[in-house]
Amino acid sequence: MSNQQSSVITPRAEDYSKWYNNIVKEAQLAENSAVRGCMVIKPHGYALWENMQAVLDKMFKDTGHQNAYFPLFVPKSLFEAEEKNAEGFAKECAVVTHYRLMTDPNDPSKLVVDPAAKLQEELIVRPTSEAIIWNTYRNWISSYRDLPILVNQWANVVRWEMRTRLFLRTAEFLWQEGHTAHETKKEAVEEAQRMQEVYARFAEDYMAMPVWKGRKSDSERFAGAEDTYTIEALMQDGKALQAGTSHFLGQNFAKAFDVKFQTNANKEEYVWATSWGVSTRLIGGLIMTHSDDKGLVLPPRLAPTQVMIVPIPKVNGELKEIAENLMTELKGMDVRVKADYDKKRSFGFKLNEYDLRGVPITIGVGKRDLENGMVQIARRDTLEKELVPLEGLAEYIKELLGQIQDNMFLKALRFRQAHTTEVNDYDTFKEVLESKGGFILAHWDGTEETEEKIKEETKATIRCIPMEGDLSEGVCMITGKPSAQRVVFAKAY
RNA sequence: CGGGGCGUGGCGCAGUCCGGUUAGCGCACCUGUUUUGGGAACAGGGGGCCGCAGGUUCGAAUCCUGCCGCCCCGACCA
């Protein structure tokens with residue numbers, strides 16, 4: 001089987017978009033569906049999402065949150081209550097107008113919408129759930145004793161995007177959205193920042209994807225928020241990806257939905273709110289941070305299968321027994337391990353397949369090396385191979401998984417460092433953006449006009465206004481006006 | 001919505017300009033045999049309303065008209 005194009009991946013350097021699509025398909029993460037802009041997440045992709053969910057869910061619970069579930073539909077009257085939010089999402093809403101179909105009078109084999117079944121009030125398919133949730137919270141809150149409310153939901157949402165891309169921007173996507181209600185502004189701001197920190201920790205410790213933490217500029221802020229905290233990652237093509245956002249919503253939704261509480265001084269006040277979310281887009285980020293021209297590369301902490309044992313070539317009793325023992329031992333150490341005894345496919349085919357699917361470690365168990373008490377270990381991140389003694393192998397593997405995790409983070413971090421540039425004038429800004437892309441740290445006068453001008457002329461946007469690092473003052477690279485601190489620019493997904 | 005490209009077995013394509021046997025190739029699939037240390041070989045086999053609808057013609061994947069869909073690049077966005 002030579003030159004099999006179903007598994008040839010377009011190199012990144014040749015066509016980055018194509019490469020990305022190839023990875024998604026060849027690693028069997030997802031595929032396009034019959035519904036425009038909506039993907040089918042395949043078992044391997046969904047297993048990855050489940051692992052991400054499990055970790056995040058625990059982090060949410062460890063910070064005091066509970067899960068709940070709210071409806072898919074939002075009555076239009078509720079949706080429009082918070083004006084800015086409604087305006088921000090209006091252009092990308094799917095709307096349910098009818099509740100019944102009927103046989104087409106002109107063609108009995110077809111169905112048409114029954115005009116008699118028009119809804120009195122349209123239902124919006126949620127693009128986000130603030131409206132329905134805050135309408136509910138009104139009934140849950142009357143006293144300061146009812147606060148805080150710390151609720152998260154795992155759900156799907158629909159945003160009718162003009163152009164979609166698998167995982168990065170689909171019309172329907174899976175996410176979690178936390179919605180919290182607080183007594184004071186201070187508490188709400190702290191909550192929003194806490195969840196930004198949770199996201200950053202998840203991205204770096206589990207996805208091995210370094211992120212910039214910061215706040216959004218006015219123009220990039222979430223519709224209806226007072227402040228948006230973001231984590232921004234850098235992809236291998238030099239473009240930024242907004243990987244998670246956490247919003248301080250002020251009292252906007254409390255006012256729109258009339259959610260008040262009585263303080264312990266018997267005064268009536270509006271509730272303070274936050275919302276925060278990450279989505280299946282993270283899988284896109286994961287792919288574009290680590291994967292190579294051979295396929296998917298997954299960090300061990302999230303990989304559905306961490307270790308694959310492949311007997312070479314004929315599975316006889318002895319090889320199988322060794323594989324089974326090793327598997328038992330590794331499972332006992334909480335390693336996600338599988339063995340491939342399929343006799344129909346060759347050793348080489350299998351290895352390529354697991355490289356494609358991003359399995360962090362494959363163990364080749366064969367007679368030749370076993371005579372010396374050795375097995376062949378191949379690590380996906382560096383593509384290095386080595387012979388390792390069977391004696392103490394489980395401990396070695398366990399240790400190696402940790403090393404791979406760390407190595408992937410460091411590699412991504414070095415890439416980001418190499419693609420983060422401090423510039424002081426607009427010409428250099430443009431030149432860096434063109435030549436190597438990445439994050440550019442520059443002074444900005446804080447006005448929307450300047451931001452807009454830069455976006456128009458270069459396509460770069462302010463990804464975030466950093467909250468840590470070098471926060472010294474300067475002058476705007478364009479207008480020369482005072483700048484409070486450098487901000488992070490990049491072209492973004 | 002603007003610009004570009006494309007619709008031919010599951011996937012990727014050739015054939016279309018210049019109409020003419022039974023529409024072809026690679027991969028995948030099925031059966032069998034030999035294989036298996038980085039994508040095995042051979043033999044046999046199955047699978048096509050050539051995107052849809054009209055039209056021209058003795059004859060259309062091919063020419064004409066209309067429609068539909070998909071992909072890529074922008075505008076919009078997590």
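Proteins get letters first, then strands, A, B, ... in listed order; numbering begins at 1 in each. Note: hydrogens, waters and symmetry copies are ignored here, and every other heavy atom, side chains too, is used.
Comparing B:C70 with B:C63, their P atoms sit 24 Å apart, to the nearest whole Å. The P atoms of B:C25 and B:G46 are separated by 13 Å, rounded to the nearest whole Å. Distance check on atom P: B:C30 versus B:U22 gives 32 Å, rounded to whole Å. On the C1' atoms, B:C11 is 27 Å away from B:C17, given to the nearest whole Å. Nucleotides B:C50 and B:A23, compared at atom C1', are 8 Å apart to the nearest Å. Taking atom P in both B:G24 and B:C71, one finds a spacing of 31 Å when rounded to whole Å. Nucleotides B:C49 and B:A61 are separated by 13 Å at their P atoms, to the nearest Å. Remark: the separation of the C1' atoms in B:G5 and B:C42 is 40 Å, to the nearest Å.
A:Phe222 comes within 4.0 angstrom of nothing in the nucleic acid, heavy atoms only. Across all strands, A:Lys25 comes closer than 4.0 Å to no nucleic acid atom at all (heavy-atom distances). Among the protein residues, A:Asp355 comes within range of the nucleic acid bases, having at least one heavy atom under 4.0 Å from a base atom. Within 4.0 Å of A:Thr362, counting heavy atoms only, lies no atom of the nucleic acid at all. Base contact: A:Leu168 has a heavy atom under 4.0 Å from a base atom. Residue-level contact check: A:Ser17 touches the backbone only, with heavy atoms under 4.0 Å from sugar-phosphate atoms and none from bases. Residue contacts shown for A:Glu161 include a base, since a base heavy atom lies under 4.0 Å away. A:Ala243 comes within contact range of no nucleotide atom at all, as no heavy-atom separation falls under 4.0 Å. Among the heavy atoms of the strands, none lies under 4.0 Å from A:Lys344. Counting any heavy atom pair closer than 4.0 Å across all strands shown, A:Gly366 reaches a base atom.
Relative ring orientation between A:Phe60 and A:Tyr199 is described as perpendicular, the plane-to-plane angle rising above 60° on a 0-90° scale split at 30° and 60°. Aromatic ring orientation, A:Trp134 versus A:Tyr137: perpendicular (interplanar angle above 60°, classes split at 30° and 60°). By the 30° and 60° cut-offs, the orientation of the rings of A:Phe257 relative to A:Phe253 is parallel.
The CG atom of A:Asp342 sits 17 Å away from the P atom of B:G38 (whole-angstrom rounding). Whole-Å rounding puts the A:Met39 CE to B:C70 P distance at 17 Å. Computed from coordinates, the A:Arg345 CZ to B:G38 P distance equals 16 Å when rounded to whole Å. Between the NZ atom of A:Lys18 and the C1' atom of B:C71 there is a distance of 10 Å, rounded to whole Å. Put simply, NZ on A:Lys455 is 12 Å from C1' on B:G74, counting in whole angstrom units. Atoms CG (A:Asn352) and P (B:A40) sit 8 Å apart, rounded to a whole Å. Residue A:Leu166 contributes atom CG, which lies 14 Å from atom P of B:C70 at whole-angstrom precision. Between the P atom of B:C76 and the NZ atom of A:Lys91 lies a distance of 8 Å, rounded to the nearest Å.
A:Glu191 has a carboxylate O that lies under 4.0 Å from a charged side-chain N of A:Arg194, or vice versa, which qualifies the two as a salt bridge.
A 6.0 Å sphere centred on NZ of A:Lys491 holds more than 12 heavy atoms belonging to other residues, nucleotides or ligands. Applying the 6.0 Å contact sphere to NZ of A:Lys430 captures more than 12 heavy atoms from other residues, nucleotides or ligands.
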- Starting at the 5' end of RNA chain B, what dot-bracket string do you get if Watson-Crick and G-U pairs under 3.5 Å are bracketed, crossing pairs use [ ], other-strand pairs use | and unpaired bases use dots? ((((((((.[[[[.)....(...]]]].((((((.....)))))).....[[[[[..)....]]]]])))))))....

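For the residue pair A:Ile41 and A:Leu174, the shortest heavy atom distance occurs at CD1-CD1, 3.9 Å.
Taking the six-membered ring wherever Trp is involved, the centroid distance between the rings of A:Phe222 and A:Phe89 falls below 6.0 Å. Between A:Phe429 and A:Trp444, the distance from one ring center to the other does not fall under 6.0 angstrom.
With B:A75, B:G38, B:G39 as the choices, the nucleotide that has an atom nearest any side-chain atom of A:Phe347 turns out to be B:G38. With B:C71, B:G37, B:G39 as the choices, the nucleotide that has an atom nearest any side-chain atom of A:Asn32 turns out to be B:C71. Between B:C72, B:G38, B:A40, one nucleotide has an atom nearer to the side chain of A:Asn21 than all others, and that is B:C72.
Nearest-nucleotide positions on RNA chain B place A:Arg165 closer to the 5' end than the other of A:Glu220 and A:Arg165. Remark on RNA chain B: of its neighbouring residues A:Gly364 and A:Thr245, the 5'-side contact belongs to A:Gly364, judged by nearest-heavy-atom nucleotide.
Applying the salt bridge (Lys or Arg N to Asp or Glu O under 4.0 Å) test to A:Glu177 and every residue at least two apart in sequence or in another chain returns nothing.
Interface remark: the A:Lys385 side chain does form a donor-acceptor pair with the B:G38 base, using a distance-only criterion of under 3.5 Å.
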